[in-house]
Amino acid sequence: MRRAGVVMRHFAGISLLLVALCLGCFQPGAYAQQKPGEVPVFQDDPIAAALDSLAMVKYFDKGLIKPPSANLNKFHFTPDSIPRYDDGVYEARLQKLDAESPFDLQYNNAVKGYIELYAVRKRDLVSRALGLSQLYFPMIEQLLDKYNIPLEMKYLCIVESAMNPRVRSRAGAMGLWQFMYTTGILYDLKVTSYVDERCDPYKSTVAACEYLHFLYEMFGDWQLVLAAYNSGPGSVNKAIRRSGGKHTFWEIAPYLPRETQGYVPAFIAVNYVMRNTAEHNLYSSIPKRSFYEVDTVKIKQQVSFEQLSAILGIPVEEIEFLNPEYKKGVIPYSSDKPYTLTLPAGKVGSFVTNEQAIYNYLKKEKPSSQDVMAMQEVMEVYTVKKGEHLNTIANKYKCTIYDLKLWNNLKTNYVKPGQQLTVYINKIGNNSGGVQPLQQKSASSAAVTIPVSQPVTKPAVVQAPAAQQSGQGAVSGQPRYYTIGKGDTLWEIAKKTGSTIDVIKRLNNFGDKYMLLPGQKIKVG
């Protein structure tokens, strides 16, 4: 039977190739029909695409990619059932796991509390983690094995970040493994205006493995390594001294910071829950992608997520999900350090075929020199509709989420229906004094357009009559705006615009702590 299955898959593969070959209209370099003015998008070679799909068969056969139907309810729980067990059951199951683990997976009241946290109160989190594990765990396990670190350590990123590579802690730690800025720098995780490698799943996992390996060489005990990962090796050394020279986590726990005292019990509980999901009626959410369904390519020029989305037909949200290390939706280029792009495996061939078209995409939308001379910056007040979020609004106005947050002083990505947002767009003026959009954009009855600046060839400060510059208010109630340059301070801006520091702080809701970012637009009167 096994041989018959292999033969059937072999003939299935041949059939796919024959179908591709028989469809003679698909020639390498052929492209789909496009409307006038659109960028021609070349189709991937059908034979190469068929081979790519066949490469996935082995992973499905081995069960490495688990569709939702694989989550079988073998205990026949009702959908809303939340099973609970007595202490003897928990302890017996942990003893079974402990027999195969270098960690001391013992059961006690602290561990029980965290088991109930994950298996009862945080069930949705566990479901999402099970889905994300299909994307991240194969990569993490491969690196843990390379550094000779127990594979159970993969569950640490659930304790740290719930497997969200973009999450930031209150202390400023970032990524799957929650690296602080200074610790990340020590392990070559670069942070720039465009890139935060602490959020790069692969690079941050390499750094975590190196750090964990270093800590194990120091302490020689994996539970002390966990404690040191959370609070620092200095805290663990102090706890060892204060305990009278004890060398196990449970003996020094009373002398560790309060958060660290619960850190190891939480790790043990996550080990238990993730390996007993069926027993607790927990099942995976549908993963966006698995590890075996994505691939990477090196970037040869700077490129934005919008360019990639436009040519490859991938939603910007999916590109952001697969590339969490890029902060502004732009992948920079450096000849010294090439950056990589993660894509769905089925889109890699299309990227290679259309690579130059992707890089050149925005060049085709640049305005003529006459348009530039007549260009005006216009402010629109947009009312958020039900079901919209910052990404859809950014796509509509061809800006970035970062721009929207800066323009509206937003601290989170959350917006609600009815909320009004300020957006800025470039439009071309006409002789009648009106404005025409530079790029085609779907009109919205919820948007109110207000011209707010002179042509872009003028200075960044909106010119106004002398009365306005002296602080007597904007003409016709229209606010004045200033684009912050590198090194600008509020005192310099006030001096340039004829405003005052107090007025600028009041207009922009600046408190005692504020930050001026180059390119940010602020009100000055």
Yes or no on side chain to side chain contact (heavy atoms under 4.5 Å, CB included) for I522 and Y481, after CA distance, side-chain angles and deciding distance? CA-CA 5 Å; I522 61 173; Y481 292 84; over 6 Å; no

May I ask you to test the L94-I268 pair for a side-chain heavy-atom distance under 4.5 Å? yes

Answer yes when R289 and E318 have at least one side-chain N-carboxylate O distance shorter than 4.0 Å, and no when they do not. yes

Please evaluate residues E306 and S309 with respect to the criterion side-chain hydrogen bond (donor to acceptor under 3.5 Å, both in side chains), reporting the C-alpha separation (whole Å), side-chain torsions for both, the decisive distance (0.1 Å), and the verdict. CA-CA 5 Å; E306 290 180 356; S309 176; over 6 Å; no

Side chain S204, main chain D200, donor-acceptor under 3.5 Å: yes

Do side-chain atoms of N408 reach the backbone of L421 as a donor and acceptor pair under 3.5 angstrom? no

Atom CG of N276 and atom NZ of K96: how far apart are they, to the nearest 0.5 Å? 8.5 Å

E100 side, atom CD; L105 side, atom CG - distance, nearest 0.5 Å: 10.5 Å

Mind checking side chain to side chain contact (heavy atoms under 4.5 Å, CB included) for N271 and listing every partner two or more places apart, or none if nothing turns up? E152, Y155, F267, R275

Using the ring centroid of each side chain, check whether Y339 and Y333 are separated by less than 6.0 Å. no

As an exercise, state the distance from CE of M274 to CD1 of I158, rounded to the nearest 0.5 Å. 3.5 Å

Check I331, I311, V330 against V303 for a side chain to side chain contact (heavy atoms under 4.5 Å, CB included) and give me the one that passes. I331

Test: K154 cationic atom under 6.0 Å from F137 six-membered ring centre, within 45° of axis: yes

May I ask you to decide if the ring planes of Y397 and Y382 are parallel, tilted or perpendicular, using 30° and 60° as cut-offs? perpendicular

Give a yes or no on whether the ring-centroid distance for F291 and Y136 is below 6.0 angstrom. no

If the threshold is 4.0 Å, N to carboxylate O, is there a salt bridge linking E197 and K203? yes

Y283 six-ring centre to R123 NZ/CZ under 6.0 Å and within 45° of normal: no

Does some side-chain heavy atom of V273 sit less than 4.5 Å from a side-chain heavy atom of L282? yes

How many angstroms lie between CZ in R258 and OG1 in T260, if you round to the nearest 0.5 Å? 12.0 Å

Is there a ring-ring contact (aromatic ring centres under 6.0 Å, His included) between H280 and F75? Walk through the geometry before answering. CA-CA 9 Å; H280 286 271; F75 295 101; 9.7 Å; no

For the residue pair Y187 and F179, categorise the inter-ring angle as parallel (less than 30°), tilted (30 to 60°) or perpendicular (more than 60°). tilted

d(Y272 OH, T277 OG1) to nearest 0.5 Å is 10.5 Å

Given the rule in the salt bridge (charged side-chain N to carboxylate O under 4.0 Å, His left out) test, do R93 and E279 qualify, once you have shown the distances and angles that lead to the verdict? CA-CA 11 Å; R93 289 174 180 169; E279 287 79 359; 5.4 Å; no

Tell me, please, which residues at least two apart from E251 pass side-chain hydrogen bond (donor to acceptor under 3.5 Å, both in side chains). T248

How many angstroms lie between atom OG of S350 and atom CD of E355, to the nearest 0.5 angstrom? 12.5 Å

Look at the side chain of T205 and the backbone N and O of I140, then say whether any donor-acceptor pair between them is shorter than 3.5 Å. no

Working note: Q106 + D98, criterion side-chain hydrogen bond (donor to acceptor under 3.5 Å, both in side chains); need CA distance, chi angles, decisive distance, verdict. CA-CA 7 Å; Q106 63 174 271; D98 183 58; over 6 Å; no

Where the side chain of Q134 meets the backbone of G131, is there a donor-acceptor pair that is under 3.5 Å apart? no

Name of the residue among V236, D104, L256 meeting side chain to side chain contact (heavy atoms under 4.5 Å, CB included) with F249: L256

Given Q419 and Y414, is the side-chain hydrogen bond (donor to acceptor under 3.5 Å, both in side chains) satisfied, shown in steps? CA-CA 10 Å; Q419 182 175 348; Y414 174 75; over 6 Å; no

